[in-house]
Colleague: 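After the structure tokens below, expect a handful of questions from me.
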Amino acid sequence: MPELPEVETVRRALERRVLGRVITDYEVGRPAFNRPIPAEALRGLKGSRITAVHRRGKYLLLHLSQGGRLVCHLGMSGSISFSGDEGHVRFRFTAGGVTVRIHDPRRFGRVGCRLPELGPEPLSPAFRPDSLFSALSGRRAPVKALLLDQAVVAGVGNIYATEALYRAGIRPDRPARRVTRAEAGRLCREIKLVLRRAIRAGGTTLNDQAFKDPEGRPGRFALMTAVYGRETGACGHALKATARPIAGRTSLYCPRCQA
DNA sequence: TTAAATTCCTGTAAGC
DNA sequence: TGCTTACAGGAATTTA
């Protein structure tokens with residue numbers, strides 16, 4: 001599933017291929033996403049030059065010369081490709097002769113021009129131990145539910161929340177207000193570390209399908225996870241799932257290393 | 001105010 | 001072998 005490292009991998013590929021190019025054509029898939037693409041997002045798209053390719057959390061932002069922008073979210077099954085597979089194309093555009101296709105079998109993705117309120121970028125200096133600690137303090141919800149909340153920190157999903165909590169030694173179902181200041185500091189550092197590593201690996205590709213970068217290459221981080229998608233943790237202990245899912249996600253942890 | 005549940009959707013895998 | 005069922009999850013929305 002595309003989380004921050006996967007989206008960043010896509011962003012870099014888009015930057016290489018379409019930055020500075022003029023959009024000559026676009027087409028909305030039938031059916032498109034669950035939510036229709038607002039007319040506002042498509043207005044003036046043809047003839048616009050792509051002046052910047054940015055990322056905010058899990059959102060991709062294509063800034064356009066005519067002042068607007070295209071905001072894309074890949075949902076959980078979305079991917080972008082420059083060539084090959086034509087299946088489940090929900091939106092496509094051509095810029096400078098390069099065709100960019102957004103595929104999304106489950107149609108959870110979105111294209112528009114609005115960005116919701118998001119928490120700090122986890123890799124920026126704005127995401128600090130003390131700010132994470134204050135976001136957690138007083139909250140009864142499980143700490144993992146808050147990491148998945150995009151208003152607390154932008155871009156973290158199930159894979160990287162699971163990994164960071166394991167590395168920080170914190171059980172995912174611990175009430176957030178029971179996380180100490182020191183632990184919040186460790187958690188903050190581990191989130192940054194795991195995201196940086198995953199970006200370097202080109203993201204996480206589970207199984208054979210799942211995520212591929214726009215050139216069709218799988219990410220290599222699945223081979224490096226300590227917990228996610230495993231039965232035994234990197235510590236060598238058997239992993240357990242929490243009694244109930246957290247924020248609707250199955251949550252693995254090590255009963256011996258995480259408290 | 002916060003938190004939990006529900007909704008969207010379909011490819012994959014497990015079970016009978 | 002072939003069918004049915006459960007499961008996966010990001011974020012918006014609804015309910016408690």
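Predicted model, so just to flag it, every value in this text is computed and none were measured. Chain identifiers are assigned alphabetically (A, B, ...) following the order of the sequence lines, protein sequences preceding nucleic acid strands; residue numbering begins at 1 within each chain.
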Colleague: Test your reading of the model: is there a side-chain donor-acceptor pair from Asn34(A) to the backbone of Arg107(A), 3.5 Å cut-off?
Modeller: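 Flag set: sc Asn34(A) to bb Arg107(A) pair under 3.5 Å.
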Colleague: To the nearest 0.5 Å, tell me how far Cys235(A) SG sits from Gln258(A) CD.
Modeller: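 Result: 8.0 Å between the selected atoms.
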Colleague: So what is the 5' to 3' dot-bracket string for DNA chain C, if pairs are Watson-Crick or G-U wobble with both distances under 3.5 Å, crossing pairs use [ ] and | means the partner sits on another strand?
Modeller: .|||||||||||||||
Colleague: Any residue in residues 110-118 of chain A with a heavy atom nearer than 4.0 angstrom to DNA chain C? Just list them by number, or reply none.
Modeller: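 The stretch gives Arg110(A), Pro116(A) as the residues lying under 4.0 Å from the strand, ordered by number.
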Colleague: For Tyr253(A), enumerate each residue passing the side-chain hydrogen bond (donor to acceptor under 3.5 Å, both in side chains) test, keeping only those at least two apart in sequence or located in another chain.
Modeller: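 For Tyr253(A), the residues satisfying side-chain hydrogen bond (donor to acceptor under 3.5 Å, both in side chains) (neighbours in sequence not counted) are Arg171(A).
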Colleague: To the nearest 0.5 Å, what is the distance between CD on Glu6(A) and CD on Glu8(A)?
Modeller: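 Between atom CD of Glu6(A) and atom CD of Glu8(A) there are 11.0 Å.
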Colleague: For the backbone of Ile170(A) and the side chain of Glu183(A), can you confirm whether one donor and one acceptor N or O come within less than 3.5 Å of each other?
Modeller: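 A pair under 3.5 Å: no.
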Colleague: Could you check whether any side-chain N or O of Arg186(A) sits under 3.5 Å from a backbone N or O of Ala168(A), counting only pairs where one atom can act as donor and the other as acceptor?
Modeller: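 Yes; at least one donor-acceptor contact below 3.5 Å.
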Colleague: Taking any heavy-atom pair under 4.0 Å as a contact, classify Ser77(A): base, sugar-phosphate, or nothing.
Modeller: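 Nothing: the residue Ser77(A), judged by heavy atoms under 4.0 Å, touches no strand.
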Colleague: Does CZ in Arg177(A) sit with more than 12 non-hydrogen atoms of other residues, nucleotides or ligands closer than 6.0 Å?
Modeller: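 It does: Arg177(A) CZ has more than 12 such atoms within range.
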Colleague: Say whether, by atom type as modelled, one donor and one acceptor occur between the side chain of Glu121(A) and the main chain of Ala126(A) under 3.5 angstrom.
Modeller: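 The answer is no, because no donor-acceptor pair under 3.5 Å joins these two groups.
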Colleague: Would you indicate whether Lys192(A), at its atom NZ, is surrounded by more than 12 heavy atoms from other residues, nucleotides or ligands within a distance under 6.0 Å?
Modeller: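 Enclosed.
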Colleague: Apply side chain to side chain donor-acceptor pair (under 3.5 Å) to residues Thr225(A) and Arg230(A) and explain how you reach the verdict.
Modeller: CA-CA 8 Å; Thr225(A) 61; Arg230(A) 301 188 179 275; 3.2 Å; yes
Colleague: Does Arg17(A) reach the main-chain N or O of Pro214(A) with its side chain, forming a donor-acceptor pair under 3.5 Å?
Modeller: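 A pair under 3.5 Å: no.
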Colleague: Quick check: do Leu4(A) and Ile199(A) have side-chain heavy atoms less than 4.5 Å from each other?
Modeller: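 Yes, side chains in contact.
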Colleague: Pull out every residue in residues 129-141 of chain A that has a heavy atom closer than 4.0 Å to any atom of DNA chain B, ordered by number, or say none.
Modeller: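 Arg139(A), Arg140(A), Ala141(A) - these, ordered by number, are the residues of the stretch whose heavy atoms sit under 4.0 Å from the strand.
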Colleague: Starting at the 5' end of nucleotides 5-10 of chain B, put B wherever the base has a protein heavy atom under 4.0 Å, S where only the sugar-phosphate does, and a dash everywhere else.
Modeller: ---BBB
Colleague: Please examine the side chains of Leu42(A) and Phe91(A), heavy atoms only from C-beta on, and report whether any two atoms are closer than 4.5 Å.
Modeller: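 Yes. Closest side-chain heavy atoms under 4.5 Å.
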Colleague: Scan Phe33(A) against the nucleic acid and name what it touches under 4.0 Å (heavy atoms): base, sugar-phosphate only, or nothing.
Modeller: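 Result for Phe33(A) = nothing.
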Colleague: I'd like the 5' and 3' limits of the part of DNA chain C contacted by chain A, with heavy-atom contacts below 4.0 Å.
Modeller: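 Counting from the 5' end, contacts occupy dA8(C) to dT13(C).
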Colleague: Quick check: does any side chain N or O of Arg106(A) sit under 3.5 Å from a backbone N or O of Ser77(A), one acting as donor and the other as acceptor?
Modeller: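 Checking the backbone N and O of Ser77(A) against the side chain of Arg106(A), no donor-acceptor pair under 3.5 Å is found.
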Colleague: Is any NZ, NE, NH1 or NH2 atom of the basic residue among Arg197(A) and Glu163(A) found under 4.0 Å from an Asp or Glu carboxylate oxygen of the other?
Modeller: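 Here Arg197(A) does not pair with Glu163(A) in a salt bridge, since their nearest N and O are not under 4.0 Å apart.
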